[in-house]
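Here is the structure we will look at.
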Amino acid sequence: MARLVENPDLAFRLARAIVSDVALYNQDKVSEGIKNDSIFDLMKEELEEGREHFFSRVSPDLPDREHLYEKAIVDVMIKQAGKIESPIW
């Protein structure tokens, strides 16, 4: 079994990679969710699956573990969707 990530920088990098994959494989849903301000409802299952994967790879002792994944969602999926026309901007 692989060692769990304990370094916050590496954990954040992992979170970004996971969220990036989720966004990449669900581009249409991301676009629709941004356009209709329903991104978190539309992507709930995919984001939860990504969260579970992240938690399975990161030490539960890492402070702010949940925050790192949430920050990755904003940094990767939301900010990169800024070019999509939406009432949320």
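Just so it is clear, the model here is predicted, and its values are computed rather than measured.
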Residues in side chain to side chain contact (heavy atoms under 4.5 Å, CB included) with Asp75, at least two apart? Phe12, Arg16, Lys71, Lys79

Got more than 12 heavy atoms from elsewhere within 6.0 Å of CZ, Arg57? no

Donor-acceptor pair, side chain of Asn36 and main chain of Ser38, under 3.5 angstrom: no

Rounded to the nearest 0.5 angstrom, the CG-OH distance for Leu47 and Tyr69 is 5.0 Å

Apply side chain to side chain contact (heavy atoms under 4.5 Å, CB included) to Leu24 and list each qualifying residue two or more places apart in sequence or on a separate chain. Gln27

Scanning both residues in full, the closest heavy-atom pair of Leu62 with Ala11 reads CD2-CB, 3.5 Å

Which is it for Val30 and Met43 under the side chain to side chain contact (heavy atoms under 4.5 Å, CB included) test, yes or no, and what are the steps along the way? CA-CA 7 Å; Val30 171; Met43 296 292 295; 4.2 Å; yes

Neighbour count above 12 (heavy atom, 6.0 Å) for Glu49 CD: no

Between Ser56 and His53 (side chain of the first, backbone of the second, donor and acceptor by atom type, cut-off under 3.5 Å), is there such a pair? yes

Taking only residues at least two apart or on different chains, which pairs with a member in residues 38-48 satisfy salt bridge (Lys or Arg N to Asp or Glu O under 4.0 Å)? Lys29-Glu46, Glu48-Arg51

Separation between OG of Ser59 and CZ of Arg65, rounded to the nearest 0.5 Å: 7.5 Å

Val58 and side-chain contact (heavy atoms from CB on, under 4.5 Å): which partner among Val5, Leu4, Leu10? Val5

In this structure, CZ of Phe40 is separated from CE of Met77 (nearest 0.5 Å) by 6.0 Å

CG on Leu42 to CG on Asp37, rounded to 0.5 Å: 10.5 Å

